[in-house]
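What's counted below: heavy atoms across the whole structure, side chains too, no hydrogens, waters or symmetry copies. Since we're looking at a predicted model, the values are computed, not measured.
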Amino acid sequence: PGPVPGPSTNPSPRPPSASTTALSSTSSASLWKTEMFYAIRKGKSVDNCLLFNDHDFNLQTKDVEGTQYLVTNNLTEAVGYILSETNENWPKIKRGRKRKRDSSVSPKEIRWQNMLEQLRKFQTHAGHCYPKSTDQKDLWRWTKTQRDEYVKFQTGDKSKLDARRVQLLEELGFDFDKKRKKGDENALTSAKKEDKWQLLLERLRDYVQSHGHSFPSGTEDKLLWRWAKTQRADYRKFIDNEPSPMTAPRVERLKDIGFEFAGKRKKHDAAKKSLSEKNAARQQEKMEKKLEKWDAMCGKVEAHLQKHGDLKFQKGKKLDKDEASVRSWLISQRKEFKKLRENSDSILTASRIMRLNDMGIIFKDYKTTTFDEWYEQLTAFKEVHGHCKVPRSRRVNDGLPKWVARMRHEYKQIQLGKVSSTLSQEQIQRLNDLGMIWEIIKQPPASERAARLPWLERFKQLLEFKEQNNHMNVPQHYPELGSWVHQQRNDYKLLQRGAKSGLTHEKALKLANSGFIFEVMPRRKVQPEILYEQLHEATDLSQLPFQPTL
């Protein structure tokens, strides 16, 4: 409202009614429910008199002294007061004083009631309690705050909501979920409390008929899951004679639809049986696939036997895809046989073991040999040979050379300060008394050992040795170069067999071109001159007299 024009030409305005009172004697609760008007004037003059609403009254009269005013909810009375000449008895505004309000109602409560009234109007018009921030930002922010405060109220934290406010919101149909529901859940929001309970009861009845139990999950129907959980909690309060919305008629109606008041879902025997049957079927299908794969691998092994004549695989030799699969399968069958000996689940049966034996696959029942048994074998070896230096190529008492080498390794670890789990001080003393040789070749200190040089450097030294001595038969005890030449001959033998070797074809060709003799023993089958001609005339490395496997 703006300034009121000068005196009206109409008859004298009607004086204020008896119901019109000053602000000091008016109830604050009644004033905030409807829009109020404040008529203000100073003295008998009607010039520049203003008509204000509730929002602007304090702002306009803050620094005004001696101004008379009238508070009314009737616009005609407010205008009549401004134009009236008999106004000496109306209250005046004094500087430093504020309007009096009823101390029993706080401003925050009045604002909350106003926002609730706005929400009631919105709910009547829209059918829900989810205003948009773009349309009614204040109301949207207020409803969001109520939902946040409701979470605190339920958890027992400090909250602006109390039981009375929660009840007022529930009577309005306010949904405390932060997200708006869709479909038929909007109808639940606007329904009354009893109607909402009945609708959810009908929904639960349909769920029980379709699923066979009354335990909906949160992923299937979150609203129904929460409601069923609330009914169980209310039922526990009901039987404990505590305040609860649950009543005896409601309990009967829930029992009629087959509602279970227990806190957890009972596992039915039928469900257990069906689950066990599914697991059994799954295990059976898995076993059938294993058997099919086992039969297929047996066919591969038989084909490998027909092609190669045995099931031996040379160490270090590169295998093709079929050979690698056969080798890994044979290793797995030995593991399965070990499981069978340990009374564990295994795919091997008596008939399958016989089929493997027919193909030449014999599983040995290995026995763990103790230290005392190995010690007795070493004692018997010393009685025959007079020493404990067991050669690695020994065929009699197979396994003794490996055990002796392992004992030497464990002894070396102890000498380095490490802990050994297989060799004790008492066992070391027994082996010393027997004459155990712990170190076969005593290596010189690192400072006295020959320096490692590239292959080409050693090859240059070999050519220098040939210029000085007119031959390349370097003695093995010759400093540094003798051991290198010996190593080249050993690598050449490995290259011939197709095993892993430090000598490549290019290096072998360089040695042959320089006149190097790979075999100096009388048993060599290829003369040096013939070997030199073959290496020299070979245009392709595959034409060499040996056929290495790369």
Side-chain angles (χ1 to χ4, degrees), residues 203-226 228-229 232 257-368 549:
R203 184 188 291 191
L204 183 62
R205 185 198 304 275
D206 297 339
Y207 182 88
V208 172
Q209 290 177 357
S210 59
H211 292 79
H213 61 84
S214 58
F215 292 89
S217 64
T219 55
E220 295 174 337
D221 193 334
K222 189 173 182 180
L223 179 64
L224 190 61
W225 165 77
R226 186 187 294 109
K229 185 179 179 182
R232 293 186 176 93
I257 66 171
F259 185 77
E260 300 179 40
F261 291 97
K264 294 183 179 180
R265 179 181 175 183
K266 297 180 180 179
K267 295 182 179 180
H268 303 284
D269 295 337
K272 288 184 178 180
K273 185 176 180 181
S274 61
L275 183 61
S276 61
E277 289 177 354
K278 289 181 181 179
N279 291 336
R282 194 180 297 109
Q283 293 293 335
Q284 181 66 24
E285 183 180 359
K286 190 175 180 180
M287 182 58 69
E288 289 177 358
K289 289 182 179 180
K290 282 187 176 181
L291 294 179
E292 291 177 1
K293 184 178 179 180
W294 196 89
D295 293 335
M297 289 305 302
C298 280
K300 280 190 176 183
V301 173
E302 291 173 352
H304 183 86
L305 278 171
Q306 292 178 359
K307 183 177 180 180
H308 300 278
D310 57 31
L311 294 173
K312 295 180 180 180
F313 299 92
Q314 188 174 355
K315 186 176 180 181
K317 183 180 179 181
K318 188 174 181 179
L319 306 177
D320 58 21
K321 187 177 180 180
D322 292 337
E323 291 175 345
S325 63
V326 169
R327 183 175 179 273
S328 61
W329 185 78
L330 292 175
I331 294 174
S332 65
Q333 298 312 299
R334 292 187 177 91
K335 292 180 180 178
E336 292 292 331
F337 183 74
K338 185 178 180 181
K339 291 180 182 178
L340 192 65
R341 291 203 323 267
E342 296 173 353
N343 296 325
S344 300
D345 294 336
S346 174
I347 195 175
L348 289 180
T349 59
S351 59
R352 294 193 183 100
I353 293 175
M354 291 178 63
R355 184 176 176 181
L356 293 174
N357 292 340
D358 293 341
M359 290 188 292
I361 304 172
I362 308 297
F363 297 110
K364 295 181 181 180
D365 193 3
Y366 293 100
K367 180 182 177 182
T368 304
T549 301

Using 0.5 Å steps for rounding, measure from the [atom1] atom of [X] to the [atom2] atom of [Y].
X: His304; Y: Asp322; atom1: NE2; atom2: CG; result: 10.0 Å
X: Tyr207; Y: Asp221; atom1: OH; atom2: CG; result: 8.5 Å
X: Trp225; Y: Leu204; atom1: CH2; atom2: CG; result: 14.5 Å
X: Lys229; Y: Phe215; atom1: NZ; atom2: CZ; result: 13.0 Å
X: Asp345; Y: Leu340; atom1: CG; atom2: CG; result: 10.0 Å

### Message
If the test is side chain to side chain contact (heavy atoms under 4.5 Å, CB included), which one of Ile361, Leu330, Val301 qualifies with Leu356?
### Response
Ile361
### Query
Which residues satisfy the side-chain hydrogen bond (donor to acceptor under 3.5 Å, both in side chains) test with Ser351, sequence neighbours excluded?
Thr349
### Task
With sequence neighbours excluded, tell me which residues meet side chain to side chain contact (heavy atoms under 4.5 Å, CB included) with Ser217.
Thr219, Glu220
### Query
Listed by chain and number, what are the side chain to side chain contact (heavy atoms under 4.5 Å, CB included) partners of Gln209, not counting sequence neighbours?
Arg205, Asp206
Show the nearest heavy-atom pair for residues [X] and [Y], with the distance to one decimal.
X: Met359; Y: Leu305; result: O-CD1, 3.2 Å
X: Gly258; Y: Ser214; result: O-OG, 3.9 Å
X: Ile347; Y: Arg352; result: O-NH1, 2.6 Å
X: Leu348; Y: Phe337; result: CD1-N, 3.5 Å
X: Glu260; Y: Arg232; result: O-NE, 2.9 Å

#### Entry: Contact check, side chains of Arg355 and Glu302, non-hydrogen atoms, under 4.5 Å
yes
### Query
Counting heavy atoms not belonging to Asp310, are there more than 12 under 6.0 Å from its CG?
yes
### Task
Please report the C-alpha distance between Lys289 and Glu285 in whole Å, then the side-chain angles of each, then the deciding distance to 0.1 Å, and finally whether the side chain to side chain contact (heavy atoms under 4.5 Å, CB included) criterion is met.
CA-CA 6 Å; Lys289 289 182 179 180; Glu285 183 180 359; 4.0 Å; yes
### Query
Among Lys339, Gln333, Glu336, which residue meets the side chain to side chain donor-acceptor pair (under 3.5 Å) test with Ser346?
Glu336
### Query
Which of parallel (below 30°), tilted (30 to 60°) and perpendicular (above 60°) describes Phe261 and Phe259?
perpendicular
